Student: 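Let me begin by handing over the structure; questions about it come next.
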Amino acid sequence: MNKSLRIAVVGALGAVGQEMLEILGTSSLPISKIKALDTATNVGKKVFCRGAKWLVEEARPGSFTDVDIALFSAGGAASAELAPIAVAEGAIVVDNSSHWRMSEGVPLVIPEVNSQALLKHKGLIANPNCSTIQMALVLKPLHDRFTITRVVVSTYQAVSGSGVAAIRELRTQSNAILAGKAVEAEVYPHQIAFNAIAQIDVFEDNGYTKEELKLVNETNKILESSIKISPTAVRIPVFRGHSESLNIEFSQSYAIEEVVSILSQGPGIKVLDDPTLSQYPTPVDCTGKDLVYVGRIRRDISLKRGLNLWIVSDNLRKGAALNTVQIAEKLVELNLLNRR
């Protein structure tokens, strides 16, 4: 497709929106116009993309009549209200919020995993949760080969997953503690600096948080599977980069060498695993990178067909902005912009 595209970024001044603009700046998409949309209070500000400054406009009905693809990262309430309007006005929406992910008929897509789901899109496509993306990307090639029956996942998630206010809170609290001053918690229910909070999002009646249940429900929708998943999600005082410890149980026996080979060849995955050199992924090393990094690959000594992995990825990039832009790129590649 050679058509020049008009791309809207909804939530352009947020942490993910800013990352989207940076990625669009180097994307292969043939873009003729960037439309930066945000709340009314931000109208008139400017964003930079592809060597030009773009004036921020209010995201509202009527904003999408001159848009081909709208990348949403403005929260669930904004997506619930504006995404159907954008579709009705002629745009294809790729939504980064959680609102539409489990909706019937809305594809939930990781391009390296299930791009075929885009063939059924009706104008609205959901981007998975950041922690789901990196886990499902790693599970997919292993599930194809060995059939996964169960996963125990513990996440160690950066504050940027909660937005710019959380980034500011971690920085402010850290500075206060180092200066011997008292701290205040506003974004989180507890102090996040020099701490770990075993709660991400609200608790459901079964004792799990919404974030934990996303790992269960979204993964199985993406993989079209019924894998049993036991999740625990923890917020830690890291600015960028989600880490996950995975304990995987297969239905058949495996060789570690084959697992490493499969992961090394997996799209979007890079293996960093050399215990003799203390080589394994860390959030600091993965910040600003596009891949999902895997290390600490080892057999579970307590389970016959069990495997342990450690995975890390930049949650603002592959976990959010990059995956959203990659969906847009895949729509163009598959010539699906007119499929409604």
Side-chain angles (χ1 to χ4, degrees), residues 1-14 16-21 23-25 27-50 52-109 111 115 117-128 320-340:
M1 177 177 179
N2 296 318
K3 176 185 176 183
S4 293
L5 299 175
R6 300 160 298 176
I7 306 290
V9 176
V10 184
L13 294 179
V16 174
Q18 289 291 295
E19 205 74 19
M20 285 179 181
L21 290 166
I23 294 168
L24 286 170
S27 168
S28 63
L29 289 170
I31 300 173
S32 60
K33 178 181 180 180
I34 296 289
K35 193 165 189 177
L37 300 174
D38 214 292
T39 59
T41 56
N42 289 317
V43 170
K45 295 180 180 179
K46 295 179 180 179
V47 299
F48 187 81
C49 184
R50 295 212 171 192
K53 290 183 179 179
W54 306 89
L55 206 63
V56 175
E57 303 174 37
E58 183 181 1
R60 57 180 178 78
S63 295
F64 306 95
T65 55
D66 58 347
V67 170
D68 297 302
I69 303 175
L71 309 180
F72 271 66
S73 186
S79 293
E81 177 188 356
L82 291 175
I85 292 172
V87 172
E89 291 180 357
I92 293 177
V93 171
V94 184
D95 180 39
N96 197 55
S97 82
S98 62
H99 185 79
W100 300 100
R101 290 175 186 158
M102 298 307 298
S103 297
E104 186 71 26
V106 176
L108 184 63
V109 177
S115 60
L118 293 173
L119 297 173
K120 299 179 181 179
H121 90 79
K122 299 176 182 178
L124 177 57
I125 300 150
N127 194 67
L322 176 65
N323 198 75
T324 305
V325 174
Q326 287 175 323
I327 290 172
E329 291 171 343
K330 185 61 71 169
L331 286 168
V332 172
E333 178 188 328
L334 297 177
N335 197 26
L336 295 176
L337 290 188
N338 296 320
R339 186 184 181 93
R340 301 292 287 276

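Note that the structure is predicted; figures quoted are calculated from it, not measured. In what follows, every heavy atom counts, from backbone to side chain, and hydrogens, waters and symmetry copies are set aside.
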Student: Give a yes or no on whether the backbone of A12 and the side-chain of Q18 come within a donor-acceptor separation of less than 3.5 Å.
Tutor: yes

Student: From H121 NE2 over to L334 CG, what is the distance, rounded to the nearest 0.5 angstrom?
Tutor: 9.5 Å

Student: So, the side chain of R6 versus the backbone of I31: is there a donor-acceptor pair under 3.5 Å, distance only?
Tutor: no

Student: Is the shortest distance from a Lys or Arg side-chain nitrogen in D66 or K33 to a carboxylate oxygen in the other one below 4.0 Å?
Tutor: yes

Student: Are any side-chain N or O atoms of R50 and backbone N or O atoms of L24, one a donor and one an acceptor, separated by less than 3.5 Å?
Tutor: yes

Student: Specify the closest pair of heavy atoms between P128 and V109, including all atoms of both residues, with the distance to one decimal.
Tutor: CD-O, 3.1 Å

Student: So do the side chains of L71 and N96 get within less than 4.5 Å of each other, counting heavy atoms only?
Tutor: no

Student: Roughly how far apart are N42 CG and E57 CD, rounded to 0.5 Å?
Tutor: 13.0 Å

Student: Is there a side-chain contact between V10 and V93, using heavy atoms and a 4.5 Å cut-off?
Tutor: no

Student: Whether the side chain of E89 engages the backbone of G62 through a donor-acceptor N/O pair (distance < 3.5 Å, no angle test) should be reported.
Tutor: yes

Student: Considering non-hydrogen atoms only, spot the tightest contact between L37 and S63 and give its length.
Tutor: CD1-CB, 4.0 Å

Student: So, taking the atom named OG in S115 and the one named CG in L336, what distance separates them when rounded to the nearest 0.5 Å?
Tutor: 9.5 Å

Student: Measuring from H99:NE2 to S79:OG, what's the distance to the nearest 0.5 Å?
Tutor: 8.0 Å

Student: Return the minimal non-hydrogen interatomic distance between I327 and A126, and the atom names on each side.
Tutor: CD1-O, 4.3 Å

Student: With a 4.5 Å cut-off on side-chain heavy atoms, are L82 and P61 touching?
Tutor: yes

Student: If I compare all heavy atoms of S28 with all of E329, which pair ends up nearest, and what's the gap?
Tutor: N-OE2, 3.7 Å

Student: Measure across P84 and W100 and return the closest heavy-atom pair with its distance rounded to 0.1 Å.
Tutor: CG-CZ2, 3.6 Å

Student: To the nearest 0.5 Å, tell me how far I69 CD1 sits from I7 CD1.
Tutor: 4.0 Å

Student: Please step through side-chain contact (heavy atoms from CB on, under 4.5 Å) for the pair L337 and V332, ending with a clear verdict.
Tutor: CA-CA 6 Å; L337 290 188; V332 172; 4.2 Å; yes

Student: Would you name the heavy atoms of L124 and P107 that are closest together and state the gap between them?
Tutor: O-CD, 3.4 Å

Student: Taking atom CD of E333 and atom CG of L118, what is their separation to the nearest 0.5 Å?
Tutor: 10.0 Å

Student: With side-chain contact (heavy atoms from CB on, under 4.5 Å) as the test, would you mind laying out the steps for F72 and S97 before giving the verdict?
Tutor: CA-CA 7 Å; F72 271 66; S97 82; over 6 Å; no

Student: With no hydrogens and no angle check, is any side-chain donor or acceptor of T324 less than 3.5 Å from a backbone partner on A320?
Tutor: yes

